[in-house]
Amino acid sequence: MNRDLAQYFFDECDKALAFVVKDHNFAPPQLEINDKINFVFVTFMGKNLAIEMILDERESDITCKIARVFGGKKTTHYAVDENGIRVREGLFNLLRRRGVRERLLTRVEGLDFREQIKVMLTDVVHMLKKHGQEVLSDSPTVLT
């Protein structure tokens with residue numbers, strides 16, 4: 001994993017999503033680097049939900065996932081738990097499932113990867129502010 005890129009991603013997530021800490025009582029971001037799969041996770045924890053920003057260096061991809069928090073820890077399940085209950089979902093898919101049909105993502109082809117990160121974080125902030133009030137309010141039912 002490129003440590004400079006990981007730090008850049010963390011710093012940009014911290015700047016772009018500072019409002020979730022300041023205005024919505026999520027904890028400051030935590031950085032986790034998984035060298036086995038070349039993923040970087042920047043997680044903002046609430047009492048019921050975590051906002052996970054995920055950088056996949058191999059695929060040059062950035063994703064935002066919303067995960068359930070149980071006992072102060074985010075779920076370890078990928079999507080559903082052993083009872084088939086949804087415990088993690090991509091923000092884009094969550095909003096689509098809830099009926100949002102407007103264009104949510106900006107085209108980033110041709111941009112330098114660091115510029116893509118900035119554009120995609122701007123998209124995530126827009127999605128959260130415009131359509132993600134339940135996420136921002138840390139609602140335990142947002143994934144149902």
Side-chain angles (χ1 to χ4, degrees), residues 1-2 5-34 37-144:
M1 170 56 65
N2 178 329
L5 182 62
Q7 187 61 51
Y8 177 82
F9 182 64
F10 176 82
D11 292 342
E12 291 300 315
C13 288
D14 188 26
K15 281 192 284 191
L17 293 164
F19 76 99
V20 304
V21 176
K22 182 179 162 216
D23 301 333
H24 300 284
N25 299 316
F26 281 77
Q30 298 173 346
L31 174 66
E32 176 190 345
I33 299 172
N34 185 323
I37 58 173
N38 287 333
F39 275 33
V40 177
F41 299 87
V42 178
T43 304
F44 297 81
M45 296 276 289
K47 290 181 182 175
N48 301 299
L49 298 173
I51 300 170
E52 299 176 306
M53 296 305 307
I54 305 164
L55 179 141
D56 176 350
E57 185 181 27
R58 289 175 300 154
E59 298 293 328
S60 297
D61 187 43
I62 292 104
T63 306
C64 177
K65 296 217 175 201
I66 308 304
R68 286 293 314 270
V69 171
F70 300 99
K73 296 182 181 186
K74 70 180 176 180
T75 183
T76 57
H77 294 91
Y78 178 75
V80 296
D81 66 11
E82 56 278 346
N83 298 315
I85 297 170
R86 185 179 294 117
V87 293
R88 179 180 276 117
E89 184 172 14
L91 178 61
F92 178 85
N93 291 337
L94 172 70
L95 297 179
R96 287 290 189 232
R97 183 170 57 80
R98 291 178 164 250
V100 175
R101 295 291 172 246
E102 71 185 66
R103 184 177 181 159
L104 297 172
L105 301 173
T106 304
R107 293 187 180 269
V108 295
E109 297 88 22
L111 293 177
D112 171 79
F113 189 46
R114 289 178 185 237
E115 287 303 312
Q116 289 182 26
I117 289 170
K118 287 182 179 183
V119 170
M120 295 175 89
L121 285 171
T122 299
D123 289 347
V124 166
V125 169
H126 177 76
M127 283 186 262
L128 286 170
K129 286 183 173 181
K130 186 168 184 184
H131 303 290
Q133 290 307 311
E134 280 187 275
V135 172
L136 295 176
S137 67
D138 198 21
S139 171
T141 62
V142 77
L143 292 170
T144 58

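As the structure is a computational prediction, the values presented were derived from the model and not from experiment.
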> Would the number of heavy atoms belonging to other residues, nucleotides or ligands and lying under 6.0 Å from CZ of Arg58 be above 12?
Replying inline: yes
>> Between Asp81 and Asn83 (side chain of the first, backbone of the second, donor and acceptor by atom type, cut-off under 3.5 Å), is there such a pair?
In response: yes
>> What verdict does the side chain to side chain contact (heavy atoms under 4.5 Å, CB included) test give for Leu5 and Leu55, after you've listed the backbone C-alpha separation in whole Å, the side-chain angles of each residue and the deciding distance to 0.1 Å?
In response: CA-CA 9 Å; Leu5 182 62; Leu55 179 141; 4.3 Å; yes
>> Please enumerate all residues that pass side-chain contact (heavy atoms from CB on, under 4.5 Å) together with Arg96, with sequence neighbours excluded.
In response: Phe92, Val100, Arg101, Leu104
>> If we ignore hydrogens and angles and just use 3.5 Å, is the side chain of Arg68 paired with the main-chain N or O of Thr75 as donor and acceptor?
In response: no
> Under 3.5 Å, is there a donor-acceptor pair between the side chain of Arg98 and the main chain of Val142?
Replying inline: yes
For a quick test of your reading: what N or O donor-acceptor pairs under 3.5 Å do the side chains of residues 11-21 make, sequence neighbours left out?
residue, atom, partner, partner atom, Å
Asp11, OD1, Gln7, NE2, 2.8
Glu12, OE2, Lys15, NZ, 3.0

> If you round to the nearest 0.5 Å, how far is CD of Glu134 from CG of Leu94?
Replying inline: 8.0 Å
>> Walk me through whether Met1 and Asn38 qualify under side chain to side chain contact (heavy atoms under 4.5 Å, CB included).
In response: CA-CA 5 Å; Met1 170 56 65; Asn38 287 333; 3.9 Å; yes
> What are the two closest heavy atoms between His77 and Val87, and how far apart are they?
Replying inline: CB-CG2, 3.6 Å
>> Please determine whether side-chain hydrogen bond (donor to acceptor under 3.5 Å, both in side chains) holds for the pair Thr141 and Ser139, giving the CA-CA distance in whole Å, both sets of side-chain angles, and the decisive distance to 0.1 Å.
In response: CA-CA 5 Å; Thr141 62; Ser139 171; 3.0 Å; yes
>> If you apply the rule side chain to side chain contact (heavy atoms under 4.5 Å, CB included), what do you find for Val119 with Arg107, and how did you get there?
In response: CA-CA 9 Å; Val119 170; Arg107 293 187 180 269; over 6 Å; no
> Say you draw a straight line from OG of Ser60 to CD1 of Ile117; how long is it, rounded to the nearest 0.5 Å?
Replying inline: 8.5 Å
> Taking only residues two or more places apart in sequence, or in another chain, which ones meet Lys130 in a side chain to side chain donor-acceptor pair (under 3.5 Å)?
Replying inline: Glu102
> Are side-chain heavy atoms of Leu128 and Leu136 found at a separation under 4.5 Å?
Replying inline: yes
>> Which heavy atom of Met53 sits nearest to which heavy atom of Leu121, and what is that distance?
In response: CE-CD2, 3.5 Å
> Closest heavy-atom contact between Phe26 and Phe44?
Replying inline: CD2-O, 3.5 Å
> Which heavy atom in Glu89 sits nearest to a heavy atom in Leu143, and how many Å separate them?
Replying inline: CB-CD2, 3.8 Å
> Of Lys74, Gln30, Glu52, Lys65, which meets side chain to side chain donor-acceptor pair (under 3.5 Å) against Thr43?
Replying inline: Lys74
> Is a donor on one side and an acceptor on the other found under 3.5 Å between the side chain of Arg103 and the backbone of Leu105?
Replying inline: yes
> For the atom pair CZ (Phe9) and CZ (Phe39), what is the distance rounded to the nearest 0.5 Å?
Replying inline: 11.0 Å
> In Å and rounded to the nearest 0.5 Å, what is the NZ to CE distance from Lys73 to Met45?
Replying inline: 9.5 Å
>> Using every non-hydrogen atom in the two residues, find where Asp138 and Leu49 come nearest and quote the distance to one decimal.
In response: OD1-N, 2.8 Å
> Is any side-chain heavy atom of Thr76 less than 4.5 Å from a side-chain heavy atom of Phe70?
Replying inline: no
> So, Asp123 side chain and Thr106 main chain: donor-acceptor pair closer than 3.5 Å or not?
Replying inline: yes
>> Could you check whether any side-chain heavy atom of Val42 comes within less than 4.5 Å of a side-chain heavy atom of Leu31, counting everything from C-beta outward?
In response: yes
> Which pair of non-hydrogen atoms, one from Leu91 and one from Met127, has the smallest distance, and what is that distance?
Replying inline: CD2-CB, 3.9 Å
> Taking atom CE of Met120 and atom CG of Leu111, what is their separation to the nearest 0.5 Å?
Replying inline: 10.5 Å
> Passes side chain to side chain contact (heavy atoms under 4.5 Å, CB included), Val40 versus Phe10? Steps please.
Replying inline: CA-CA 8 Å; Val40 177; Phe10 176 82; 5.8 Å; no
